[in-house]
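The next block holds one structure in the form of structure tokens; read it before the comments.
Just so it is clear, the structure is predicted and the values come from calculations on it, not from any experiment.
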Amino acid sequence: MASPRTITIIALSVALGLFFVFMGTIKLTPRLSRDAYNEMKRAYKSYVRALPMLKKMGVSSILLRKSIGALEVACGIVMTLVPGRPKDVANFLLLLLVLAVLFFHQLVGDPLKRYAHALVFGILLTCRLLIARQPEEQPPDKRILSVNGDEQPLIHEAASEKGKMKVS
């Protein structure tokens, strides 16, 4: 049976992956929601206006929106379908992207209700990454310590056997 840690990682990966595929698709095409697509276009225009440096670098609002949308879709697919290390890389990239979006929202002075979802999903991405990076815990009876090539039980297990006599 899968451990609770594994189930948590899988559930978070699938939920976060599908969310970012959905949000990235809204940024790329009006097929899912014309209103949301138009709102994204308006928002990204304000982000580029607030950062004249982007304009100087030749980054238009369309390029910024489509780049972020494509990255969200790609990382969302990886988070949902690809096993192993690539999930953690996609998780990290999405976390950086969420931080950038939060910066944009703060820059233009959006109210909290406009970027609350980004905060929540940023926290979920952080939790998933922290859980995934923790080492798998071994059952207590299998934990051993290797000292100079000899395997010995950990200290708390050795202490419980201190009063027992070994018979060879």
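Side-chain atoms of F20 and V78, non-hydrogen and from C-beta on, never get closer than 4.5 Å to each other. Between I62 and Y44, every side-chain heavy-atom pair lies at or beyond the 4.5 Å cut-off. Between Y47 and V108 there is a side-chain heavy-atom pair separated by less than 4.5 Å. A 4.5 Å side-chain heavy-atom check between L94 and L16 finds every atom pair outside the cut-off. Under the 4.5 Å side-chain criterion, counting only non-hydrogen atoms from C-beta, L93 is not in contact with L97. The side-chain heavy atoms of R128 and T8, taken from C-beta on, include no pair separated by under 4.5 Å.
For R85, the CZ atom sits in a loose shell: 12 or fewer heavy atoms of surrounding residues, nucleotides or ligands are nearer than 6.0 Å.
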Checklist entry - Between F19 and F22, is a ring-ring contact (aromatic ring centres under 6.0 Å, His included) present by the stated rule, with each step listed? => result CA-CA 5 Å; F19 170 78; F22 177 73; 7.4 Å; no
Checklist entry - Is there a side chain to side chain contact (heavy atoms under 4.5 Å, CB included) between L125 and M79 once you walk through the steps? => result CA-CA 11 Å; L125 285 167; M79 290 274 296; 4.2 Å; yes
Checklist entry - Going through the checks in order, is the side chain to side chain contact (heavy atoms under 4.5 Å, CB included) test met by S61 and K41? => result CA-CA 8 Å; S61 64; K41 283 172 54 175; over 6 Å; no
Item to check | Test side chain to side chain contact (heavy atoms under 4.5 Å, CB included) applied to M23 and M40, step by step | outcome: CA-CA 10 Å; M23 291 305 292; M40 291 291 177; 3.5 Å; yes
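Formation of a donor-acceptor pair under 3.5 Å by the N91 side chain with backbone atoms of K87 is not found in this model.
H117 and H105 have perpendicular rings, their planes meeting at more than 60° on a 0 to 90° scale where under 30° would count as parallel.
Closest approach of S60 and V48 over heavy atoms only: C-CG2, 4.0 Å. Scanning all heavy atoms of the two residues, the minimum distance from V73 to T25 falls at CG2-N, 3.6 Å. Taking both residues in full, the closest heavy atoms of I7 and A2 are given as CD1-O, 3.9 Å, listed atom of the first, atom of the second, then distance. A90 and C75 make their closest contact through CB-O, 3.7 Å (heavy atoms, listed as atom of the first residue, atom of the second, distance). What you find for L95 and G122 is that their closest heavy atoms are CD1-O, 3.5 Å.
Atom CZ in R5 sits 10.5 Å away from atom CD1 in I10 (nearest 0.5 Å). Considering OG of S3 and CD1 of I9, their distance stands at 7.5 Å, rounded to 0.5 Å. Summarising the geometry, atom OH belonging to Y37 is positioned 12.0 Å from atom CD1 belonging to I26; distances are rounded to the nearest 0.5 Å. Once rounded to the nearest 0.5 Å, the distance linking OG1 of T80 with CG of L18 reads 4.5 Å. Note that the NZ atom of K66 and the OG1 atom of T29 stand 8.0 Å from one another [nearest 0.5 Å]. How far CG of L102 is from CD of Q106: 7.5 Å, rounded to the nearest 0.5 Å.
Note on E39 versus K27: no salt bridge recorded, every NZ/NE/NH1/NH2 to OD/OE distance being 4.0 Å or above.
Under the side-chain contact (heavy atoms from CB on, under 4.5 Å) test applied with F121, the options L124, L119, I123 reduce to a single match, L124.
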